[in-house]
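Right, one structure below, let's go through it.
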Amino acid sequence: MINIRRSNERGGGDFGWLNTRHTFSFDQYRDPRFMGFRSLRVINEDRVAPGEGFPTHPHRDMEIITYILDGALEHKDSLGTGSVIRPGDGQRMSAGRGIRHSEMNPSPTEGAHLLQIWIMPDRAGHEPSYEQKAFPDEEKRGKLRLIAGPDGKDGSVTIHQDARLYVTLLSPGQEVTHALAKGRYAWLQVAKGAVELNGQPLKQGDGAAIADESKLVIKGVEDAEVLLFDLA
């Protein structure tokens, strides 16, 4: 069963410095039908104006992944971490018992385009931590590259949840497959371009909740960048 969440149905708005679209309920956008999917709680597609960003604010008990599509974002947190996140990077912040951080677009001329992803942890009270790794395009082109998971497998960043995030880059006609184990669920998010998921068309910004499917076939229709979450 595949239930599609169309891009134009999402919440959010244009605030000048930030153009944001919320796949699930977030901040002032509330829809009881879309409160998350399994442990996946937030997918926000953000476009941040040059020199703007999110000033220091707190989080707790959430696994937060920032995935940059274009531009860059400068991260600073109360752990003393300072880094610039760029396209291809996998960045994970485990908020745990509590953390404060800021995220700013460091460019005075170029916008930043990114996905903010929140995954609920397996329990409350983890030690706050930060991790960032680079995943080159050649590792994702025509294949599903694991970038986040519970055990750091294949060099992925580690999250405190039985959830795995894969990314693929597809050319038109190119396809990848993913076997979904019995009792597992999946969410697919089209970050760029257009694809078919088991024959169903999806375009940029669309998402799909997947249950009771043993095999997923993702085929590029346009040049595409796709995120696939394998969830308990």
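V167 is not connected to L170 by any chain of hydrophobic side-chain contacts under 4.5 Å among Ile, Leu, Val, Met, Phe, Trp and Tyr, and they are in different clusters. Hydrophobic clustering places V226 together with L180 (ILVMFWY residues linked when any side-chain heavy atoms are closer than 4.5 Å, directly or through intermediates). Cluster membership for L165 and L144, using ILVMFWY side-chain heavy atoms within less than 4.5 angstrom, is not shared. I85 and V42 fall within the same hydrophobic cluster, where Ile, Leu, Val, Met, Phe, Trp and Tyr residues are linked whenever their side-chain heavy atoms come under 4.5 Å apart, directly or through other members. Taken together through direct or relayed side-chain contacts under 4.5 Å among Ile, Leu, Val, Met, Phe, Trp and Tyr, L202 and L231 form parts of separate hydrophobic clusters.
Taking a cutoff of 4.0 Å between a charged side-chain nitrogen and a carboxylate oxygen, D223 and K192 do not qualify as a salt bridge. Salt bridge annotation for R141-E139: absent, with no cationic side-chain nitrogen under 4.0 angstrom from a carboxylate oxygen. In this structure, E131 pairs ionically with K133, as a charged nitrogen and a carboxylate oxygen lie closer than 4.0 Å.
Counting heavy atoms from C-beta outward, H59 and M93 have side chains that approach closer than 4.5 Å. In this structure, the side chains of L197 and I210 come closer than 4.5 Å at one or more pairs of heavy atoms. Residues H57 and H101 meet the side-chain proximity criterion, which asks for heavy atoms closer than 4.5 Å. Taking 4.5 Å as the limit, every side-chain heavy atom of T158 sits out of range of all side-chain heavy atoms of D151. Side chains of L188 and F229 form no contact here, defined as non-hydrogen atoms less than 4.5 Å apart. Between D46 and L115 there is no side-chain heavy-atom pair separated by less than 4.5 Å. Looking at heavy atoms from C-beta onward, R60 lies out of side-chain contact with I99 at the 4.5 angstrom threshold. At least one side-chain heavy atom of H75 sits under 4.5 Å from a side-chain heavy atom of S83.
Shortest non-hydrogen contact noted between L216 and A186 is CD1-CB, 4.0 Å. Scanning all heavy atoms of the two residues, the minimum distance from M62 to P121 falls at CA-CD, 3.9 Å. Closest of all the heavy-atom pairs between A72 and A112 is O-CB, 3.4 Å. When all heavy atoms of S94 and H160 are compared, the pair lying nearest together is OG-CD2, 3.6 Å. Here the shortest heavy-atom pairing between L79 and D77 reads N-OD1, 2.8 Å. Minimum heavy-atom separation, I65 to A148: CD1-CB, 3.9 Å.
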With side chain to side chain contact (heavy atoms under 4.5 Å, CB included) as the test, would you mind laying out the steps for L228 and W187 before giving the verdict? CA-CA 6 Å; L228 177 66; W187 182 277; over 6 Å; no

Begin with the C-alpha distance, continue with both residues' side-chain angles, and end with the deciding distance and a verdict on side chain to side chain contact (heavy atoms under 4.5 Å, CB included) for L169 and D137. CA-CA 8 Å; L169 301 173; D137 282 359; 3.7 Å; yes

Verdict with supporting geometry, T66 and R92, side chain to side chain donor-acceptor pair (under 3.5 Å): CA-CA 7 Å; T66 301; R92 179 271 303 166; over 6 Å; no

Given side chain to side chain donor-acceptor pair (under 3.5 Å), test H22 with N44 step by step and report yes or no. CA-CA 5 Å; H22 306 325; N44 291 349; 3.0 Å; yes

Between L18 and F54, does a side chain to side chain contact (heavy atoms under 4.5 Å, CB included) hold up when you go through it step by step? CA-CA 9 Å; L18 172 67; F54 305 92; 4.0 Å; yes

Salt bridge (charged side-chain N to carboxylate O under 4.0 Å, His left out) between K203 and E222: does it pass, once the steps are laid out? CA-CA 9 Å; K203 61 181 179 62; E222 304 170 1; over 6 Å; no

Can L69 and L114 be said to form a side chain to side chain contact (heavy atoms under 4.5 Å, CB included), step by step? CA-CA 5 Å; L69 298 167; L114 60 130; 5.8 Å; no

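Of the residues listed (Q204, R21, Q189), the one engaging E45 in a side-chain hydrogen bond (donor to acceptor under 3.5 Å, both in side chains) is Q204, and it is the only one.
Side chain of E213 to backbone of M1: a donor-acceptor contact under 3.5 angstrom is found. Looking only at distances, a side-chain donor or acceptor of R184 sits under 3.5 Å from a matching main-chain atom of D230. The main-chain N or O of D31 is found under 3.5 Å from a side-chain atom of S25 such that the two form a donor-acceptor pair. N105 contributes no side-chain N or O that, together with a main-chain N or O of L73, makes up a donor-acceptor pair within less than 3.5 Å. No side-chain donor-acceptor contact under 3.5 Å links D212 to the backbone of G183. Checked by atom type and distance alone, the side chain of S78 pairs as donor or acceptor with a backbone atom of R100 at under 3.5 Å.
Figure legend: cation-pi geometry between R5 and F34, with NZ or CZ positioned under 6.0 Å from the six-membered ring centre and within 45° of its axis. Seen from the ring of Y185, R38 counts as a face-on cation partner, given the 6.0 Å and 45° thresholds.
Put simply, OG1 on T23 and CD on Q116 are 12.5 Å apart, with the number rounded to the nearest 0.5 Å. Taken to the nearest 0.5 Å, the CZ atom of R86 stands 13.0 Å off from the CG atom of D70. The line from CG of N3 to CZ of F37 is 8.0 Å long, rounded to the nearest 0.5 Å. The OG atom of S39 lies 10.0 Å from the CG atom of D122; values are rounded to the nearest 0.5 Å. To the nearest 0.5 Å, atom CD1 of residue I218 and atom OH of residue Y166 are 11.0 Å apart. Remark: I147 CD1 to R164 CZ distance equals 14.0 Å, nearest 0.5 Å.
No more than 12 heavy atoms of other residues, nucleotides or ligands lie within 6.0 Å of CZ in R33, so this atom counts as exposed by the packing criterion. Applying the 6.0 Å contact sphere to NZ of K140 captures more than 12 heavy atoms from other residues, nucleotides or ligands. Sparse packing is recorded around CD of E110, with 12 or fewer heavy atoms of other residues, nucleotides or ligands lying under 6.0 Å away. Heavy atoms from other residues, nucleotides or ligands lying under 6.0 Å from CZ of R6 number more than 12.
Note: F26 and W118 meet the aromatic proximity criterion, with ring centroids under 6.0 Å apart.
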